[in-house]
Trainee: 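My structure is below; once you've seen it, I'll send some questions.
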Amino acid sequence: MSKSLIMMMILSCSTHGFTHGFMPRASFTRSKIRMPNPSRSFASPPRLSNFEETLKTTNIFIFDCDGVIWRGDSVISGIPAVLAELRKRGKRCFFVTNNSTKSRAGYKKKFDSLGLDVPAEEIFSSSFAAAAYLEQTKFKETGKKVYVIGEVGIGEELDLVGVPYIGGPADSDKQPNMNPGGALEHDSNVGAVIVGFDRFVNYYKIQYAQLCINENPGCEFIATNLDAVTHLTDAQEWAGNGSMVGAIKGCTGKEPIVVGKPGPLMIDYLCEKYDMPRGEICMVGDRLDTDIMFGLNNGLKTILVLSGVTTEEKLLSNDNKIAPDSYCDSIVDFFKE
């Protein structure tokens, strides 16, 4: 797609919040999300041994957040010093998370609460990506509304683009009438269902979503991400948004439009907005199937960290077919002597 055809999205922030603009349409096709080929040969990736060499050809670092910068509500030890050193050396940093529970403004507050000095314009979340997709596709002009399975982050981003929605936290305590003859009435004017991570997902929400997708003509099924597990706390892994998306796939038979990693939406935006050559960008993450595939799919260097969901055993297993350029225990290893 030529640059002349791409309507640039204007992202601005202030003490009052964020505004949206447009995203390139080509960023949202299902076919662009390339998954690993199970039949390809696999060469074990090397441990990161000379980060100074990486710095010579890398000017931009994109970091996942959960499992890379923090675990749950605890910042990983040594992270602030690493980010400060990268900035000192003139490197740009961006933070791209598949977690949709917060808006970009909400994530800015989290960075601040953890003592991390991160400008708001460097933060991107899948809740933002979902709203940006609807804005780019002119969903508002259809006069329809969105049904949300998810938390406050999605609603806050939809508010910024003026897209009406129902569901979300408001439906957390609802139960459908399942007595004889019972039925759940749904809004026939819902034109899209967004499924994001929801700690309060229930049968009411699942039933409402499937009715909208199955019975409302043209209703879109949008997933913020397909993450299998997530870090709600630093004590263990918890079922991720893939479990919620899987429930809706199971009762509709439909595949979702995935707006988070490993899809190209957010990297397309970053490269267009900041005129960033992809060869100078390194994606740093803890997940093979999202973070590393995001880098591989989009022509970026990749570093896997073992501070999150992926173990060294899993990375080097014969069953794994996704190879980062290198890996390390944590980004704290970047500047270890």
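Below, all heavy atoms of this structure are taken into account, side chains as well, without hydrogens, waters or symmetry copies.
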Trainee: So which atom in Cys328 and which in Arg47 form the shortest heavy-atom distance, rounded to 0.1 Å?
Mentor: CA-NH1, 3.9 Å
Trainee: For Tyr107, check ring pair (Phe, Tyr, Trp, His ring centres under 6.0 Å) against everything at least two apart and list the hits.
Mentor: none
Trainee: For the CG atom on Asp117, are there more than 12 heavy atoms of other groups (residues, nucleotides or ligands in this structure) within a distance under 6.0 Å?
Mentor: no
Trainee: For the pair Asn177 and Asn179, evaluate side chain to side chain donor-acceptor pair (under 3.5 Å) and give the outcome as yes or no after the intermediate values.
Mentor: CA-CA 6 Å; Asn177 175 12; Asn179 294 320; 3.2 Å; yes
Trainee: So does Thr58 get a backbone contact from the side chain of Lys91, meaning a donor-acceptor N/O pair under 3.5 Å?
Mentor: yes
Trainee: Does the gap between the ring centers of Phe139 and Tyr133 come in under 6.0 Å?
Mentor: no
Trainee: Distance check, rounded to the nearest 0.5 Å: Thr101 atom OG1 versus Arg199 atom CZ?
Mentor: 5.5 Å
Trainee: Are Phe200 and Val193 grouped together when hydrophobic residues (ILVMFWY) are joined by side-chain heavy atoms under 4.5 angstrom apart?
Mentor: no
Trainee: Sub-3.5 Å donor-acceptor pair from the side chain of Asn298 to the main-chain atoms of Leu300, do we have one?
Mentor: no
Trainee: Taking atom CG as the centre, does Asp73 end up with more than 12 heavy-atom neighbours from other residues, nucleotides or ligands that are less than 6.0 angstrom away?
Mentor: no
Trainee: Can you name the residues that form a side chain to side chain contact (heavy atoms under 4.5 Å, CB included) with Thr310, not counting sequence neighbours?
Mentor: Leu288, Leu304, Lys314, Leu315
Trainee: So, the side chain of Asp64 versus the backbone of Gly285: is there a donor-acceptor pair under 3.5 Å, distance only?
Mentor: no
Trainee: Taking Ser307 for its side chain and Gly67 for its backbone only, find out whether a donor-acceptor pair lies under 3.5 Å.
Mentor: yes
Trainee: Which pair of heavy atoms, one from Lys144 and one from Gly191, lies closest together, and at what distance?
Mentor: CD-CA, 3.7 Å
Trainee: Restricting to side chain to side chain contact (heavy atoms under 4.5 Å, CB included), what partner residues turn up for Asp112, sequence neighbours left out?
Mentor: Lys108
Trainee: I'd like to know if the side chain of Asn241 and the backbone of Val195 have a donor-acceptor N/O pair within less than 3.5 Å.
Mentor: yes
Trainee: List the atom of Val259, the atom of Ser126, and the distance in Å for their closest heavy-atom pair.
Mentor: CG2-O, 4.0 Å
Trainee: Do the non-hydrogen side-chain atoms of Ile267 and Phe124 ever get within less than 4.5 Å of each other?
Mentor: no
Trainee: Do Phe51 and Phe335 have ring centres separated by under 6.0 Å?
Mentor: yes
Trainee: Distance alone, cut at 3.5 Å: any donor-acceptor contact between the side chains of Ser326 and Lys301?
Mentor: no
Trainee: Looking at Glu313, I want to see if its CD is surrounded by more than 12 non-hydrogen atoms of other residues, nucleotides or ligands under 6.0 Å.
Mentor: no
Trainee: Here's a test for you: under side-chain contact (heavy atoms from CB on, under 4.5 Å), which of Phe63, Phe94, Phe95 qualifies with Val118?
Mentor: Phe95
Trainee: Side chain to side chain contact (heavy atoms under 4.5 Å, CB included) between Glu237 and Thr230: does it pass, once the steps are laid out?
Mentor: CA-CA 6 Å; Glu237 294 177 355; Thr230 189; over 6 Å; no
Trainee: Give a yes or no on whether the backbone of Lys254 and the side-chain of Thr252 come within a donor-acceptor separation of less than 3.5 Å.
Mentor: yes
Trainee: Could you check whether any side-chain N or O of Glu151 sits under 3.5 Å from a backbone N or O of Lys102, counting only pairs where one atom can act as donor and the other as acceptor?
Mentor: no
Trainee: Provide the closest heavy-atom pair for Thr302 versus Leu296 in the form atom of the first, atom of the second, distance.
Mentor: CG2-N, 4.1 Å
Trainee: Start with the C-alpha gap between Glu157 and Arg104, add the side-chain angles, then the distance that decides, and say whether salt bridge (Lys or Arg N to Asp or Glu O under 4.0 Å) holds.
Mentor: CA-CA 8 Å; Glu157 293 289 354; Arg104 289 166 297 156; 3.0 Å; yes
Trainee: Which residues pass the side-chain hydrogen bond (donor to acceptor under 3.5 Å, both in side chains) test with Asp66, not counting sequence neighbours?
Mentor: Trp70, Asn99
Trainee: Verify salt bridge (Lys or Arg N to Asp or Glu O under 4.0 Å) between Glu52 and Lys56, making sure each step is shown before the conclusion.
Mentor: CA-CA 7 Å; Glu52 294 297 332; Lys56 291 179 182 178; over 6 Å; no
Trainee: Give me the one residue out of Ile76, Asp286, Thr97, Ile79 that meets side-chain contact (heavy atoms from CB on, under 4.5 Å) with Val68.
Mentor: Asp286
Trainee: With sequence neighbours left out, what residues match Lys174 under side-chain hydrogen bond (donor to acceptor under 3.5 Å, both in side chains)?
Mentor: Asp171
Trainee: Which label fits Tyr208 and His186: parallel for a plane angle under 30°, tilted from 30 to 60°, or perpendicular past 60°?
Mentor: perpendicular
Trainee: Between Arg287 (side chain only) and Val229 (backbone N and O only), is there a donor and an acceptor less than 3.5 Å apart?
Mentor: yes
Trainee: Ignoring hydrogens and angles, tell me if any N or O in the side chain of Asn225 forms a donor-acceptor pair with the backbone of Phe197 under 3.5 Å.
Mentor: no
Trainee: How close do Ser127 and Ser100 get, counting heavy atoms only, and between which atoms?
Mentor: CB-O, 3.7 Å
Trainee: Supply the atom-to-atom distance Ile322 CD1 to Met293 CE, rounded to the nearest 0.5 angstrom.
Mentor: 5.5 Å
Trainee: Report, as yes or no, whether the 6.0 Å neighbourhood of atom CD on Gln236 holds more than 12 heavy atoms from other residues, nucleotides or ligands.
Mentor: yes
Trainee: Spell out, as yes or no, whether a donor-acceptor pair under 3.5 Å connects the side chain of Asn98 to the backbone of Lys261.
Mentor: yes
Trainee: Mind listing the closest non-hydrogen atom pair of Asp187 and Cys212 along with its distance?
Mentor: O-SG, 4.4 Å
Trainee: If you round to the nearest 0.5 Å, how far is CD1 of Ile123 from OG of Ser103?
Mentor: 9.5 Å
Trainee: If we only count heavy atoms from C-beta on, is the Ile303 to Pro324 side-chain gap below 4.5 Å?
Mentor: no
Trainee: With sequence neighbours excluded, what pairs up with Tyr327 under the ring pair (Phe, Tyr, Trp, His ring centres under 6.0 Å) test?
Mentor: none
